[in-house]
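Each residue takes its place number in the sequence, starting with 1.
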Amino acid sequence: MDKLISSINWSLVQAYLAVAETGSLSDAARSLGRSQPTLGRQIKQIEAALQAELFLRHPRGLALTETGALLLEPARDMLKAVKALELAADGQSQKLNGTVRLTASEFVAHHLLPPILAQIRQTAPGVQITLLPSDTSENLLFREADIAVRMFRSEQLDIVTKQLGEIGLGIFAHQSYLERRGTPQTPAELAGHDIVGYHKNDQIIRGMRQMGLTADENWFGVQCDNQTTYWELVRAGCGIGFSQTALADRTPDIVRLFPDVPIPPLPVWLAAPKALQHTPRIRHVWDTLEAGLKQHVS
């Protein structure tokens with residue numbers, strides 16, 4: 001199987017891998033930036049070249065045949081090799097131009113990064129930034145991103161990391177909500193208030209229980225897992241919520257509740273592939289991010 005795959009155009013292998021991992025021509029086409037008809041033709045081409053059926057068609061999409069499943073690991077090995085070649089070649093570039101793919105959580109991308117990216121555009125106009133807001137962890141070694149701003153330390157090998165500090169968290173409410181419902185004087189009084197909570201994520205419930213509160217979803221007047229929308233709900237007066245103190249402190253009419261209640265802060269890390277860390281454009285973006293984000297951490 002390795003010999004067969006090695007003789008096939010890489011774009012066909014990419015098409016096969018994308019369909020194998022998504023189970024859908026449409027989803028695979030979106031992930032690769034190709035049209036669905038093009039991807040369909042490429043699947044037919046690789047099946048013809050191998051003289052084997054790789055996928056079974058069914059109403060919900062495509063499933064791997066026995067032969068298709070056998071090809072999966074060799075194809076993934078090819079992907080790793082190609083990405084390693086790209087990293088090595090890109091790491092040798094000495095020019096301060098080109099594209100840098102930057103990933104960060106949706107909240108950080110929305111609230112913290114825009115002025116930092118504007119500074120990069122001023123100081124290095126030859127560097128184009130592709131910002132990838134995502135609350136999932138992009139694989140840096142697969143070139144899904146070149147630099148990541150994360151709230152945890154990457155454990156991947158061949159990744160260089162640096163902790164910039166910590167972002168404080170607190171409990172907040174808009175003045176309009178407090179005027180309507182009153183200001184709780186102790187954490188125990190939160191039980192009688194509307195809490196803006198998460199839907200699928202149980203982090204807030206776990207945190208409140210660590211505070212000694214018997215919290216559950218019934219405490220939540222509004223639920224939302226999107227961090228940026230969550231903060232807008234708090235800011236609009238939907239209820240009491242949790243957020244980063246640096247952002248809340250500069251938001252008009254937001255009141256911090258129980259500032260003496262300890263809430264574990266969020267660590268802030270930068271991460272990038274070691275093979276790219278000395279590439280001028282990566283180094284420049286890294287350094288500017290570090291300087292800009294340090295204004296928001298302690």
Side-chain angles (χ1 to χ4, degrees), residues 100-117 119-120 129-172 195-211 215 223-235 241-251 254 256 259 261-274 276-277 282 285-298:
V100 176
R101 290 175 291 274
L102 170 63
T103 184
S105 71
E106 292 187 6
F107 193 87
V108 169
H110 182 92
H111 293 286
L112 303 186
L113 293 187
I116 301 175
L117 301 191
Q119 183 179 358
I120 292 172
I129 302 293
T130 299
L131 180 59
L132 306 167
S134 174
D135 290 328
T136 61
S137 299
E138 309 298 332
N139 192 320
L140 298 177
L141 295 179
F142 279 10
R143 300 305 303 279
E144 293 174 355
D146 301 311
I147 300 177
V149 181
R150 289 175 169 165
M151 304 308 180
F152 62 90
R153 183 175 186 177
S154 175
E155 299 297 333
Q156 282 184 294
L157 298 176
D158 299 322
I159 295 293
V160 60
T161 61
K162 183 173 183 178
Q163 185 172 6
L164 305 183
E166 296 177 328
I167 290 180
L169 300 176
I171 307 172
F172 302 94
I195 306 298
V196 181
Y198 296 149
H199 174 47
K200 296 180 180 179
N201 188 332
D202 68 349
Q203 183 179 359
I204 288 178
I205 290 178
R206 286 188 287 107
M208 294 178 74
R209 288 177 179 173
Q210 289 171 3
M211 294 165 56
Q223 300 178 61
C224 179
D225 286 330
N226 180 279
Q227 296 288 318
T228 297
T229 306
Y230 177 96
W231 177 242
E232 290 303 309
L233 292 169
V234 175
R235 201 168 69 88
F242 299 77
S243 189
Q244 299 178 12
T245 55
L247 170 66
D249 288 345
R250 64 176 186 267
T251 303
I254 287 290
R256 184 172 185 181
V261 172
I263 299 178
L266 293 174
V268 180
W269 292 82
L270 285 180
K274 287 183 180 178
L276 293 179
Q277 65 176 317
I282 302 297
V285 172
W286 176 291
D287 290 343
T288 309
L289 282 169
E290 181 177 348
L293 289 170
K294 279 189 173 179
Q295 300 177 30
H296 302 280
V297 301
S298 58

Separation between [atom1] of [X] and [atom2] of [Y], rounded to the nearest 0.5 Å:
X      : Y      : atom1 : atom2 : value
Thr229 : Phe107 : OG1   : CZ    : 10.5 Å
Leu289 : Lys162 : CG    : NZ    : 12.0 Å
Asp249 : Ser243 : CG    : OG    : 10.0 Å
Lys200 : Asp225 : NZ    : CG    : 7.0 Å
Ile120 : Ile129 : CD1   : CD1   : 4.5 Å
Phe172 : Ile254 : CZ    : CD1   : 8.0 Å

Donor-acceptor pair, distance only, cut-off 3.5 Å: does the side chain of [X] make one with the backbone of [Y]?
X      : Y      : answer
Thr103 : Ala148 : no
Asp135 : Ser105 : no
Asp158 : Lys274 : no
Tyr230 : Phe242 : yes

[X] and [Y]: which non-hydrogen atoms are nearest, and at how many Å?
X      : Y      : value
Leu293 : Ile116 : N-CD1, 3.8 Å
Ala215 : Met208 : CB-CB, 3.8 Å
Gly168 : Pro265 : CA-CB, 4.3 Å

Original post:
Around Arg256, counting heavy atoms of other residues, nucleotides and ligands shown, do more than 12 lie under 6.0 Å from its CZ?
Top reply: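 Count over threshold, so yes.
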